[in-house]
Amino acid sequence: MQDHRRLGRELEIFDTDPLIGAGLPYWLPAGAAMRHALEEYVYDTERKAGYQHVHSPVLAKRELYEISGHWSHYRAGMYPPMQIGTEQLVLRPSLCPHHALIFRSRSRSYRGLPVRIAELGSMYRAELSGVLGGLTRVRSIQLNDAHIFCTPDQVGAEVAASLAMIRQAHADMGITDAWYRLSLPSGAGKYVGSPQIWDRAVALLRAALDGLSLAYETGEGEAAFYGPKIDVQIADCSEREASLSTVQVDFYQPDRFDLSYVGADGARHRPVMVHRSIIGGLERLVAHLIEVHNGAFPPWYAPVQLTVLPVSQAQGEFAEKVWRRAIDQGLRAEVLAADAGSLGARIRASKLVPYVAVIGPREAAAAEVALRLRSGVQLPPVSAAEGLAKVCAIVTARSPDLWEPRSVAD
Ligand SMILES: [Zn+2]
């Protein structure tokens with residue numbers, strides 16, 4: 001495992017500038033391409049699972065966080081308010097309060113539950129500059145977040161479905177080293193709500209973990225201030241532990257925001273709020289993917305998926321045609337022309353690219369490509385159309401594998 005801070009810069013995934021500031025990396029084209037593919041994955045997965053996507057502002061009035069409890073329990077992690085006229089605005093430390101208000105903005109019936117509101121949105125963390133670095137300790141986070149508003153009876157199934165989405169996402173991204181932690185409160189501190197409510201939430205999370213036969217450790221003092229959570233943990237190249245994915249059960253914020261739905265009995269009832277993130281913040285996710293794959297990413301989110309390599313200048317025109325066709329089919333492709341170096345040097349320069357299409361005189365004459373896989377496997381020439389179709393099929397299936405059809409995830 002290599003440090004993502006060095007490898008990420010080498011691969012031109014991200015960089016920083018002292019004028020922008022510590023903890024505020026910018027994404028270069030290769031990183032932006034990866035991030036876009038991962039974001040599309042999240043949107044597709046959530047859409048198929050019945051989530052509704054929203055966008056909400058990154059700022060809100062201080063009062064919002066006084067109601068949510070962040071202002072009194074999480075202020076150390078928040079930026080100071082900005083005074084605009086008579087109002088105080090703050091950068092949001094989480095997306096939950098906005099989503100609670102979106103739920104509250106319409107009348108809700110038990111028939112319409114669960115309501116699953118999802119967003120890929122920015123949130124901000126006031127970290128001191130001494131601890132910042134790379135993509136893992138940042139001040140601005142692009143978070144994959146969702147809040148499920150449901151009846152108490154629906155919580156168990158929603159938690160289990162969220163855990164299943166997390167497991168599938170990890171399998172698709174080639175993350176195999178994550179483990180589960182049930183994050184509990186400690187005796188002292190910042191926690192809100194009654195002990196009975198905490199016990200109920202913990203019991204629901206334990207039941208979901210046991211129902212899926214998932215092994216887990218417990219982490220005392222690791223709960224959110226408003227509720228316990230299941231965290232999916234990863235370790236970085238220095239064996240520092242962090243949470244990548246999370247599922248949380250919250251009885252507190254629905255109370256604070258006075259959320260309700262109309263039940264079958266015609267009376268108002270309080271929904272439960274399940275907070276869940278499949279892949280967490282894009283920054284930490286990409287840092288982890290860089291480290292676990294050493295830059296050799298699964299084809300579906302590799303920055304460049306296909307390099308077209310004409311053996312000599314004479315095949316340049318056909319190489320451009322293959323490249324154009326690949327781009328038109330939605331692939332991220334490039335041509336490394338003969339004037340970019342010897343064939344061997346160009347193959348070495350493409351060593352992290354999943355597929356290299358080598359085009360010699362024979363292939364150009366027959367409108368064929370000889371695909372070379374990143375693993376070193378050299379496939380027999382096939383028509384350019386057939387070769388591109390196969391690559392597209394693997395990319396579209398978001399298979400973590402290079403060529404063989406994906407095995408069924410367990
Ligand atoms: Zn939340």
Side-chain angles (χ1 to χ4, degrees), residues 42 46 49-60 64-75 77-78 90-105 108 113-125 140-150 154-155 158-159 161-163 165-166 169 181-185 190-193 197-198 201-202 204-205 208 222-232 242-259 270-285:
V42 166
E46 290 177 336
Y51 287 74
Q52 295 171 303
H53 290 104
V54 299
H55 290 293
S56 57
V58 300
L59 287 167
L64 179 64
Y65 302 102
E66 289 171 351
I67 294 170
S68 70
H70 286 88
W71 190 252
S72 47
H73 299 280
Y74 189 70
R75 199 185 318 173
M78 294 172 65
V90 293
L91 280 167
R92 66 177 168 192
S94 79
L95 279 62
C96 333
H98 283 93
H99 289 188
L101 294 184
I102 290 171
F103 178 84
R104 199 172 78 174
S105 68
R108 308 287 181 176
L113 300 188
V115 170
R116 305 182 187 91
I117 295 175
E119 180 170 358
L120 270 159
S122 294
M123 52 167 273
Y124 301 87
R125 196 170 283 163
S140 168
I141 295 165
Q142 182 74 5
L143 186 70
N144 153 236
D145 204 8
H147 296 91
I148 302 162
F149 301 87
C150 61
Q154 293 169 333
V155 173
E158 291 301 318
V159 170
S162 298
L163 285 173
M165 282 171 91
I166 289 170
R181 183 181 75 191
L182 179 60
S183 298
L184 302 169
K190 54 183 184 174
Y191 309 102
V192 294
I197 275 177
W198 279 79
V202 169
L204 284 164
L205 293 177
E222 301 289 347
F225 72 82
Y226 49 78
K229 51 192 179 131
I230 295 168
D231 289 316
V232 188
S243 298
L244 185 64
S245 317
T246 188
V247 186
Q248 314 173 4
V249 175
D250 179 6
F251 293 96
Y252 174 75
Q253 293 199 50
D255 260 348
R256 298 287 294 177
F257 285 101
D258 192 24
L259 304 183
R270 190 76 77 209
V272 184
M273 202 167 159
V274 176
H275 308 239
R276 61 103 277 223
S277 180
I278 312 174
I279 55 164
L282 266 300
E283 291 80 6
R284 184 180 300 285
L285 172 71

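Ligands are counted one by one from 1 in listed order, and the atoms in each one are counted from 1 as well.
With sequence neighbours left out, the side chain to side chain contact (heavy atoms under 4.5 Å, CB included) criterion links S72 to no other residue. For the side chain to side chain donor-acceptor pair (under 3.5 Å) test, no residue two or more places apart in sequence or in another chain qualifies with R104. For A118, the side chain to side chain contact (heavy atoms under 4.5 Å, CB included) partners at least two apart in sequence or on another chain are E46, Y51, H53, A146.
You'll find the side chain of P254 stays beyond 4.5 Å of the side chain of V272, heavy atoms only.
The pair D258-R270 meets the salt-bridge criterion, since a charged nitrogen lies less than 4.0 angstrom from a carboxylate oxygen. Salt-bridge annotation for R125 and E283: absent, with no side-chain N of the basic residue lying under 4.0 Å from a carboxylate O of the acidic one.
Listing protein N, O or S atoms at distances below 2.8 Å from the Zn ion (ligand 1), with waters left out, gives C96 SG, H147 NE2, H275 ND1.
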